[in-house]
Amino acid sequence: MRSPAALLLLLLLAMGAEAFRICAFNTQRLTLAKVAKALDTLVPIVARCDIMVLQEVVDSSDSAISLLLRELNRYGDSGPYASLSSPLLGRSTYMEKYVYIYRELKTQVLSHYVYNDKDDLFAREPFVAQFTLPSKVLPSLVLVPLHTTPKAVEKELNALYDVFLDVSQHWQSEDVILLGDFNADCASLSKKRLSELALRKETNFHWAIGDDEDTTVRASTHCAYDRIVLHGQRCQSLLKAASAFHFPTGFGLSEMEALNISDHYPVEVELSGAMPRLQPLSLAMLLLPLVPLRLGPVA
């Protein structure tokens, strides 16, 4: 029979094995009206992730994200959630935001900035952010989201390497995740041109979402548009799993119903070795059953 101390150690080790999930989702022109209609699907999709990076958020009033956050915080006990939004980004009247939605008990924003795109290489320049991680191996991590424009995929993905260099110098960190709808496949970027990217030639980058992954909802397409790329030994050492989340299957939706949400699947990576942050009373409550009950004499 194990001692109370051994049981506690096993409990803490089990908790420490809990994965930390980072996701990216092109929500295809997310507006307040779309969020209101699709809450039953959008909320559980986002709630699967400790950090979710939404792309193609086109609501200038922030009311779409406010509604999504309100419903997330009513959903089960996985919250509370918070958000971090970029300004509207774009070159014309069509503008988009990058929006991070994150679980506050497991991560916090340390810093963030919009990349200074002096040469106007990006249609929507990356909105980079540094987050804490509940991991002794990797206490913080930088995320760099990008939604490329299909007409300039190769140029933007090569410029993304320069963003990585800027971020690494800014925060003195090699542990960086590049993620988003890169349009990095099919008609937008051939396999040959993909292999010539700086991000592919440099061996320290690991493309966790592979070239054979299908990140598109339509049955008529099979393209690995959405990607997650890891850099840094510590970051890569924690990688536990990577995949596209096929939400139509997960929620029993027809293709038409799924396309009302998005024509993209979310992509995600799970990092192992994360320790969940406990509420102050939680550890005491866990210890209480392990402490022998000793009653003194009644006065």
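The figures here come from the full heavy-atom set of this structure, side chains too, leaving out hydrogens, waters and symmetry mates. Start at 1 with the first residue, then count along the sequence.
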For this session: Measure the shortest side-chain to side-chain distance between Tyr100 and Pro145 over non-hydrogen atoms and say whether it is less than 4.5 angstrom.
Result: yes

Problem set entry | NZ/NE/NH1/NH2 to OD/OE distance under 4.0 Å, Asp50 and Arg21 | no

Problem set entry | Basic-acidic side-chain contact under 4.0 Å: Arg200, Asp211 | yes

Exercise. Counting N and O atoms only, with roles assigned by atom type, does the side chain of Ser61 sit under 3.5 Å from a partner on the main chain of Ser63, one being a donor and the other an acceptor?
Worked result: yes

For this session: Return yes if a side-chain donor-acceptor contact under 3.5 Å exists between Asp166 and Tyr113, otherwise no.
Result: yes

Exercise. Would Tyr161 and Leu197 satisfy side chain to side chain contact (heavy atoms under 4.5 Å, CB included), going step by step from the backbone distance to the final call?
Worked result: CA-CA 9 Å; Tyr161 182 77; Leu197 295 174; over 6 Å; no

For this session: Any chance you could lay out the ring-ring contact (aromatic ring centres under 6.0 Å, His included) test for Phe164 and His231, step after step, and finish with the verdict?
Result: CA-CA 9 Å; Phe164 162 76; His231 186 279; 4.4 Å; yes

Exercise. His222 and Asp214: side-chain donor and acceptor closer than 3.5 Å?
Worked result: no

Exercise. Are side-chain N/O atoms of His264 and Gln28 paired as donor and acceptor at under 3.5 Å?
Worked result: no

For this session: Decide, yes or no, whether a salt bridge links Lys106 with Glu18 under the criterion of side-chain N to carboxylate O below 4.0 Å.
Result: yes

Exercise. Are the charged groups of Glu56 and Lys97 less than 4.0 angstrom apart, N to O?
Worked result: no

For this session: Can you spot which of Asp226, Asp263, Asp181 makes a side-chain hydrogen bond (donor to acceptor under 3.5 Å, both in side chains) with Thr215?
Result: Asp226

For this session: Let me see the working for Tyr98 and His147 under side chain to side chain contact (heavy atoms under 4.5 Å, CB included), right down to the final yes or no.
Result: CA-CA 9 Å; Tyr98 299 104; His147 177 205; 4.2 Å; yes

Exercise. Aromatic ring centroids of Tyr81 and Tyr102 under 6.0 Å?
Worked result: no

For this session: Using distance alone, with no hydrogens and no angle criterion, decide if Thr148 and Asn183 have a side-chain donor and acceptor under 3.5 Å apart.
Result: yes

